[in-house]
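Okay, so here's the structure we're looking at.
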Amino acid sequence: MKLDTSGLESSSSMPYGGTDELGAEFSTAPSFELPCSTNFDGFQKEAKQMVKPAKGTTTLAFIFKEGVMVAADSRASMGGYISSQSVKKIIEINPYMLGTMAGGAADCQFWHRNLGIKCRLHELANKRRISVTGASKLLANILYSYRGMGLSVGTMIAGWDETGPGLYYVDSEGGRLKGTRFSVGSGSPYAYGVLDNGYQYDMSIDKAAELARRSIYHATFRDGASGGVASVYYVGPDGWKKLSGDDVGELHYKYYPVVPNPVEQEMAEAPVA
Amino acid sequence: PAKLFLRSIKKRKKKARRRRRKMARYDRAITVFSPDGHLFQVEYALEAVRKGNAAVGVRGLDTIVLGVEKKSAAKLQDSRSVRKIVNLDDHIALACAGLKADARVLINKARIECQSHRLTVEDPVTVEYITRYIAGLQQKYTQSGGVRPFGLSTLIVGFDPYTGVPALYQTDPSGTFSAWKANATGRNSNSMREFLEKNYKDTSGQETVKLAIRALLEVVESGGKNIEVAVMTKEHGLRQLEEAEIDTIVAEIEAEKAAAEAAKKAPARET
């Protein structure tokens with residue numbers, strides 16, 4: 001096989017109008033195009049990181065007076081291709097615990113189901129439900145043991161246990177954070193903007209649901225990797241309950257209904273002389 | 001060529017047989033069933049327990065007491081290094097009867113498991129959980145090759161970290177466990193258990209301590225230096241009683257006994 005040495009030939013075809021010294025430099029040494037980067041050793045890794053799935057989704061969860069509110073969009077994207085508009089991103093681990101999906105869909109689905117199995121076994125062995133703390137720790141330990149092997153999981157475990165509402169953020173780097181407000185995914189900055197602005201601990205369930213819905217809607221409006229249906233779940237002392245699942249397109253027209261342009265109307269009603 | 005082939009097979013078989021015999025020495029299960037369904041090694045282990053020091057545990061409403069018979073210490077021995085009642089965690093304590101060296105191994109494993117549980121679920125163990133773990137360990141050693149069962153029965157006490165309910169469990173070399181209101185193990189455990197069955201009632205605080213010591217005194221020479229007692233409460237955890245304290249309680253008990261006997265004799269004389 002003949003080697004393709006076209007890269008070695010100087011690509012810049014200097015017009016002979018240029019000064020002779022410059023022209024001489026360019027045409028003597030065989031050269032190949034160098035990447036326009038200062039980091040010759042690491043630019044390949046950076047390229048890989050760029051292409052890596054940036055967890056194209058928007059999920060959020062927050063604790064308030066009445067319990068935990070969990071919401072997510074439903075779009076799955078592969079690069080620029082929308083592969084599905086109806087993905088269930090809120091996974092029901094057991095009747096009183098929910099997990100959200102961000103990152104690799106397969107990874108999230110499998111490990112959440114696995115967590116559900118472990119929680120059930122804990123219940124059977126110890127005759128009491130596992131705490132949200134314990135469940136999130138089990139998942140975090142598993143993900144930590146797979147650290148560096150390419151799992152992509154950014155999940156929130158939300159639930160209600162003996163100590164009240166619980167919310168933890170767990171990711172595939174092995175990190176685990178306890179908190180009251182989280183949003184995960186490529187649309188999370190937009191969701192945080194709306195969520196942090198409207199958040200109050202003393203909200204009613206309806207107000208909190210509306211806040212969660214609007215945050216997801218605004219994220220889907222600006223983030224291309226989020227969209228589909230905004231699902232909102234509520235976790236209370238009796239377990240979780242799905243509150244709503246609205247198409248974000250319809251939500252858009254609900255929040256910003258089309259106002260007919262008054263000027264045109266006037267012209268239409270102009271009396272015919 | 002056929003002969004060579006057959007010879008090579010013979011060689012391979014001989015090697016395998018030699019290897020199997022070598023491994024067989026370590027693989028043979030020590031605990032095997034007898035024709036009538038007994039596990040003799042386990043029963044012999046129970047014998048070893050029956051020869052061990054007497055130990056008693058009593059569960060009260062808010063107090064749990066463990067008492068162990070203390071063999072008279074040799075003059076040169078530092079009695080503080082021979083602790084028979086130990087902590088597994090802040091809220092769980094254990095006393096045992098039987099082979100003390102086996103106890104050390106089991107206790108170390110249980111202590112590690114208590115911390116491991118705290119690490120993985122961020123919660124302290126319940127008494128039932130750690131009892132199940134210890135019993136599981138004891139059972140494993142009755143069904144493995146080349147090992148013998150642990151020669152000890154344990155009394156595990158503690159408070160549930162959430163509900164605060166006191167609990168007393170007992171395990172034995174076969175790996176079974178169950179919860180008790182009061183139980184005894186070790187030397188003369190039958191007489192102690194009979195006493196407890198006759199005299200048990202719901203008690204709290206000092207009454208529980210007295211009941212435990214009374215049971216122990218049935219089979220042990222009276223005196224503070226022959227008994228080791230530890231009291232566990234929810235607030236203060238495990239507290240080993242001093243010899244002087246035990247002596248005072250023993251004196252109280254003897255006084256009560258004498259008074260009861262005198263009361264019995266007095267009406268008899270009247271009639």
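In the text below, chain A, chain B and the rest are named by the order of the sequence lines, each starting its count at 1. Because the structure is predicted, anything quoted here is derived from the model rather than measured. Any value given below was found using the heavy atoms of this structure, including those in side chains, with hydrogens, waters and symmetry copies removed.
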Exercise for the section: Could you give me the CA-CA distance, side-chain angles and deciding distance for Asp123(B) and Lys137(A), then say whether salt bridge (charged side-chain N to carboxylate O under 4.0 Å, His left out) is met? Expected result: CA-CA 11 Å; Asp123(B) 272 333; Lys137(A) 193 110 191 206; over 6 Å; no

Practice task
Determine, step by step, whether Asp160(B) and Arg128(A) satisfy the side chain to side chain contact (heavy atoms under 4.5 Å, CB included) criterion, reporting the C-alpha distance in whole Å, the side-chain angles of both residues, the deciding distance to 0.1 Å, and the verdict.
Solution key: CA-CA 12 Å; Asp160(B) 187 300; Arg128(A) 59 146 47 114; 3.6 Å; yes

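Annotation: the span from Asn126(A) atom CG to Arg132(B) atom CZ amounts to 4.5 Å, rounded to 0.5 Å.
A salt bridge links Arg176(A) with Glu122(B): the closest approach of a Lys/Arg side-chain nitrogen to an acidic carboxylate oxygen falls below 4.0 angstrom.
Arg222(A) CZ: 12 or fewer foreign heavy atoms inside a 6.0 Å radius. Around OH of Tyr146(A), the count of heavy atoms belonging to other residues, nucleotides or ligands within 6.0 Å does not exceed 12. Surrounding OH of Tyr144(A) are at most 12 heavy atoms belonging to other residues, nucleotides or ligands under 6.0 Å away. Heavy atoms of other residues, nucleotides or ligands lying less than 6.0 angstrom from CZ of Arg118(B) number more than 12. The 12-atom threshold is exceeded at NZ of Lys100(B), counting heavy atoms of other residues, nucleotides or ligands nearer than 6.0 Å.
Neither the backbone nor the side chain of Ala140(A) comes within less than 4.5 Å of any heavy atom in chain B.
The two residues Val121(B) and Thr133(A) make their nearest non-hydrogen contact at O-CG2, 4.4 Å.
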